[in-house]
There are 2 protein chains.
Amino acid sequence: MATIRDVANRAQVSTATVSAVVNDSAYVSPELRARVLAAISELDYTPSLAARNLKRGRSQLIALVVADLANPFFARMVWAAEAAVAAWGYSLVLFNSDEKPENERRILARIRMLSCDGIILVPVDVTSAIPQRDTEGEPVPTVLFGRTVEGQKTDTITIDNVSAARQVTNYLMDLGHTRIGTITGPLHLTTGRGRLDGMMEAMRARGLEPAASHVRPGEFREDTAYSVARELLTLPEPPTALYIANGVMALGVMRALADLGLKCPDDISIASTDTIPGIGGLRPRLTRTEHPVIDMTNEALRLLIDRINRGTNADPRNVVFQPSLVVGESCGPYRDSPPLAR
Amino acid sequence: MATIRDVANRAQVSTATVSAVVNDSAYVSPELRARVLAAISELDYTPSLAARNLKRGRSQLIALVVADLANPFFARMVWAAEAAVAAWGYSLVLFNSDEKPENERRILARIRMLSCDGIILVPVDVTSAIPQRDTEGEPVPTVLFGRTVEGQKTDTITIDNVSAARQVTNYLMDLGHTRIGTITGPLHLTTGRGRLDGMMEAMRARGLEPAASHVRPGEFREDTAYSVARELLTLPEPPTALYIANGVMALGVMRALADLGLKCPDDISIASTDTIPGIGGLRPRLTRTEHPVIDMTNEALRLLIDRINRGTNADPRNVVFQPSLVVGESCGPYRDSPPLAR
DNA sequence: ACCACCTAGCTAAACGTTTCGCTGAAAAAT
DNA sequence: ATTTTTCAGCGAAACGTTTAGCTAGGTGGT
C-alpha cells in the first residue's frame with residue numbers, strides 16, 4: 001500500500017507538503033496541491049492511523065464496554081453509541097464483559113494497549129477500576145454508564161433507579177394493590193439495589209411491606225425470572241401485582257404467565273422498569289418506566305468527547321436521567337382472590 | 001506512560017531483550033527475565049499496539065460492518081461476533097451502514113486507514129466493493145455475511161433463502177392454504193430476492209401463484225410491514241395466510257393483527273423467515289424458519305481468521321447454511337371466509 | 001541598491017515497537 | 001593449548017506519519 005513517501009516522490013514534493021495537503025494544516029500553493037492530490041489519487045493512498053497515532057498520541061478509537069450484550073437494553077445502547085461515535089469522527093471498539101470482573105480487567109488492559117482515546121464503561125461491580133495512562137495516575141477519559149463505582153472521579157450517566165421503582169410501585173398501590181411482589185436484579189449492582197430500595201421506600205411510605213416470600217432474585221435474566229415467576233405465581237397466596245426490575249425479566253414473566261394460562265391484568269398486574277423494544281407493540285402492552293437509552297448514550301458521548309478534548313483535570317460530572325412511567329395494559333385494579341394458576 | 005525503552009533502562013537490558021520477554025519470542029536467561037518482569041511491573045508497562053502495528057503490519061482489529069444495527073438479527077450477530085473475536089485474540093470495531101451505500105463506502109475507507117486485519121461485511125448492495133490494500137489489488141481479508149456481491153472473490157456465509165421461503169410456503173400449502181400473501185424484503189438484496197423467489201417457486205410447483213395485490217414490499221422494516229399488513233388484511237378478499245420475509249416484519253404484522261382485533265391462527269395464518277429473540281416465548285408462538293445466526297457468525301470468524309493467516313490467494317469459500325422450519329402456533333388449517341377485520 | 005521581513009516548502013528527528021545481523025564469551029572438538 | 005562452533009544479548013534500522021525549525025526567494029521599506 002502506498003505511503004506518504006510514495007506520494008511525495010510521485011508529486012515531487014516533500015512528505016511535509018503531502019501531510020499539509022492531506023490534513024489541510026498549512027498553506028500549500030495551488031500548483032503543488034494539485035500535484036499532491038493527483039498523486040494521492042493515482043496511488044490510491046490511504047493514511048495509516050497506526051503511524052498517525054504513534055506520532056500524535058491519538059487513536060481515534062472509543063471503547064464501549066457493555067455488561068451483557070445479549071440484553072436488548074445494551075443492544076440499543078450499542079446502536080446509539082455507534083451512530084454518535086461515527087458522527088464525532090471516531091470508530092467504536094466494542095467489548096462485552098458478560099458481567100464477569102475478570103473479563104472486565106482483561107478488556108480494560110486491552111483498551112490501554114489500543115490507546116483508545118476514551119471509554120464508555122458499564123461497570124461490572126462497584127469496585128471496577130478505571131484504567132490509568134500511567135502510574136502517575138492520569139486516567140483514560142471515561143464515562144460510567146448506568147451504574148456507578150466507588151471512589152472513582154469520573155463522569156457518570158445514570159438513571160434514577162429509586163425513582164423508577166417508586167413510580168411503578170406507587171402506580172400499583174394507586175390501583176389498590178397491597179400484596180405486591182418483586183423480581184429483583186443483582187443487588188451488588190447500583191441498578192439492582194436502587195430499584196429494590198425504591199420499591200421498599202414507596203411501600204413503607206404507605207405503611208406497607210412486601211412479604212419476604214414475594215421478593216425473589218431474578219439476576220436481570222429472562223430464564224431466571226421465568227422460573228422465579230412460576231414459583232411466585234403458584235404460591236398458596238401469590239402477590240396480586242408484580243414489580244419486575246428490568247425489561248428482559250419482564251419478558252420471562254410474561255412467558256411464565258402464558259405457560260401457566262394466566263392473563264394480565266385479569267389474573268395479575270405486572271409492571272417493570274424498562275422494557276424490550278419490539279414487544280412494546282404486542283398485547284397486553286406492558287406498563288413500565290421507560291429508560292431514555294438513546295438520550296443517555298448520546299449524552300455519555302458528549303461528556304466523553306468533551307473530556308477527551310479538555311483533559312481529565314476538570315471536576316467530574318454526574319448526569320442523572322429521570323425515568324417516566326408509561327401506562328400500558330398490563331395492570332388493573334386490585335380484585336380479591338385472583339384465580340390460581342393451573 | 002512507560003515505554004519499552006523505560007523498561008529496558010530500569011532492567012539494565014536492551015529493548016530487544018524486553019521485547020523477547022514480552023513476546024516470549026527468544027530465549028532469555030532466567031536472571032534477565034526476572035529483572036525485565038520486575039521492571040514491567042514497577043513501571044506498569046503496557047505495550048503500544050499502534051507501534052506494534054506499525055512494525056508488524058498487523059492491527060489485531062476485526063471490523064464488523066452490519067447493515068441495520070437496529071434489527072435484532074444483527075444485534076445477535078454482534079453478540080456472537082464480539083465473543084468469537086475476543087476468543088481469537090482480536091478486538092472488534094463495529095460499524096453500521098444503515099443500508100446506505102455512501103455510509104458503506106466511508107466505512108470501508110475508514111477500515112483501510114485503521115488497517116484492520118479482516119472484515120466481516122453485510123453488503124448494502126450487490127455492487128458493494130471489497131477494500132483493497134493497494135492498487136495492485138490484494139484485498140483485505142473479507143467475509144461477506146448473509147448477502148452476496150457480484151463479481152467478488154471473497155469468502156461468503158449465507159443462508160439458503162430460497163429453501164427458507166420454500167419450506168414456509170410448503171407448510172402453509174400443506175395446511176390447505178392457496179390464497180397466500182407475502183410481505184417482502186428489498187428485492188435488490190440477495191436475501192429479499194431469494195425469499196420471494198423461493199415462495200414463488202414453491203407455489204408454482206403446485207400450480208399456484210399469489211395474487212399480485214397480495215405481494216407487498218415491507219423493506220425488512222417493522223413499521224412498513226405494519227402498514228402493509230393493515231392494507232392486506234382489510235382487502236375485500238384478503239389472503240388466508242401470510243409469508244413474512246424477516247423477523248422484524250413479523251413483529252409489525254403481529255402488531256397490526258392485534259390492532260385490527262384479529263388473531264392467528266383463528267383469523268389468518270402467519271409464518272416468517274427468521275424471528276426476533278425474546279418473542280419466541282410469547283403466544284402465539286410464531287411458525288418460522290430459524291436462522292442459526294450464532295453458528296453462521298462463528299463460522300464467518302473461522303473463515304476470516306483462516307484467511308488472515310493463510311493469505312488471500314486461496315480459492316474463496318462459500319458456506320451455505322440450511323434454515324430449519326420451526327412449527328409454532330401461528331398457523332392453522334385453511335377455513336373458508338375468515339372474519340373481516342373491523 | 002540595499003536591507004529587513006515574510007513565507008512556502010523542505011529536512012530530519014521522533015513517536016514505540018520489532019527484529020536482523022553482529023559480537024564476545026563460553027563450550028565443544030581436535 | 002588451540003581452534004571451531006554455538007548462543008545470549010545487544011545495536012540500530014525501519015515501520016509511516018507529523019511537525020519544529022531552517023532556508024531560499026520574494027516583497028516591501030528606506
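Only heavy atoms go into these numbers, but all of them, side chains included; no hydrogens, no water, no symmetry mates. In what follows, chains carry the letters A, B, and so on, assigned in the order in which the sequence lines appear, proteins first and then strands, with residues in each chain numbered from 1.
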Problem - Reported CZ-to-CD1 distance for the pair Phe321(A) and Ile157(A), which is rounded to 0.5 angstrom - result: 5.5 Å
Handout entry: Any donor-acceptor pair under 3.5 Å from Asn23(B) side chain to Ser25(B) backbone
Key = no
Exercise for the section: Evaluate salt bridge (Lys or Arg N to Asp or Glu O under 4.0 Å) for Arg302(B) paired with Asp155(B), printing each intermediate quantity in order. Expected result: CA-CA 11 Å; Arg302(B) 278 201 333 95; Asp155(B) 300 320; over 6 Å; no
Problem - Interatomic distance where CG belongs to Asn53(B) and C1' belongs to dC15(C) [whole Å] - result: 14 Å
Practice task
Give the rounded distance in Å between these two atoms: NZ of Lys55(A) and C1' of dA14(C).
Solution key: 5 Å
Handout entry: Contact list for DNA chain C against residues 13-36 of chain A - heavy-atom distance below 4.0 Å
Key = Val13(A), Ser14(A), Thr15(A), Ala16(A), Thr17(A), Tyr27(A), Val28(A), Ser29(A), Leu32(A)
Exercise for the section: Would you kindly give the CG-to-P distance between Leu54(A) and dA14(D), to the nearest whole Å? Expected result: 16 Å
Problem - Value in whole Å for how far the C1' atom of dG16(C) lies from CG of Leu49(B) - result: 11 Å
Completion exercise
To the nearest 0.5 Å, atom CD1 of Ile62(B) lies from atom CG of Leu304(B) at 4.5 Å
Practice task
Return yes if a side-chain donor-acceptor contact under 3.5 Å exists between Ser59(B) and Asp117(B), otherwise no.
Solution key: yes
Problem - Any Arg5(B) side-chain N or O less than 4.0 Å from OP1/OP2 of dG16(C) - result: no
Exercise for the section: For Glu102(B) and Arg106(B), run salt bridge (Lys or Arg N to Asp or Glu O under 4.0 Å): C-alpha distance rounded to whole Å, both residues' side-chain angles, the deciding distance at 0.1 Å, then the answer. Expected result: CA-CA 6 Å; Glu102(B) 66 272 18; Arg106(B) 256 192 288 109; over 6 Å; no
Problem - Gln60(A) side chain reached by Arg110(B) side chain, heavy atoms, under 4.5 Å - result: yes
Exercise for the section: Compare the minimum distances between each of dT18(C), dT17(D), dG16(C) and the side chain of Ser48(A), then state the nucleotide with the smallest one. Expected result: dT17(D)
Practice task
Please test Asp68(A) against Arg221(A) for salt bridge (Lys or Arg N to Asp or Glu O under 4.0 Å), starting from the C-alpha separation and ending with a verdict.
Solution key: CA-CA 10 Å; Asp68(A) 177 13; Arg221(A) 293 172 57 93; over 6 Å; no
Practice task
Ignoring hydrogens and angles, state whether a donor on the side chain of Thr158(B) or Asn318(B) is under 3.5 Å from an acceptor on the partner side chain.
Solution key: no
Problem - Between dG9(C) (P) and Asn9(A) (CG): distance, integer Å - result: 18 Å
Problem - Global bending angle along the helix from dA1(C)-dT30(D) to dT30(C)-dA1(D), which compares the axes of five pairs at either end, to 10 degrees - result: 50°
Practice task
Write down the distance between CZ (Arg56(B)) and C1' (dC20(C)), rounded to a whole number of angstrom.
Solution key: 15 Å
Fill in the blank from the handout: The residue, Gln12(B) or Ala51(B), whose nearest nucleotide of DNA chain D is more 5′ is Gln12(B)
Completion exercise
When rounded to whole Å, the CD1 to C1' distance for the pair Ile4(A) and dC15(D) reads 14 Å
Handout entry: d(CG, Leu43(A); C1', dG16(D)) in whole Å
Key = 15 Å
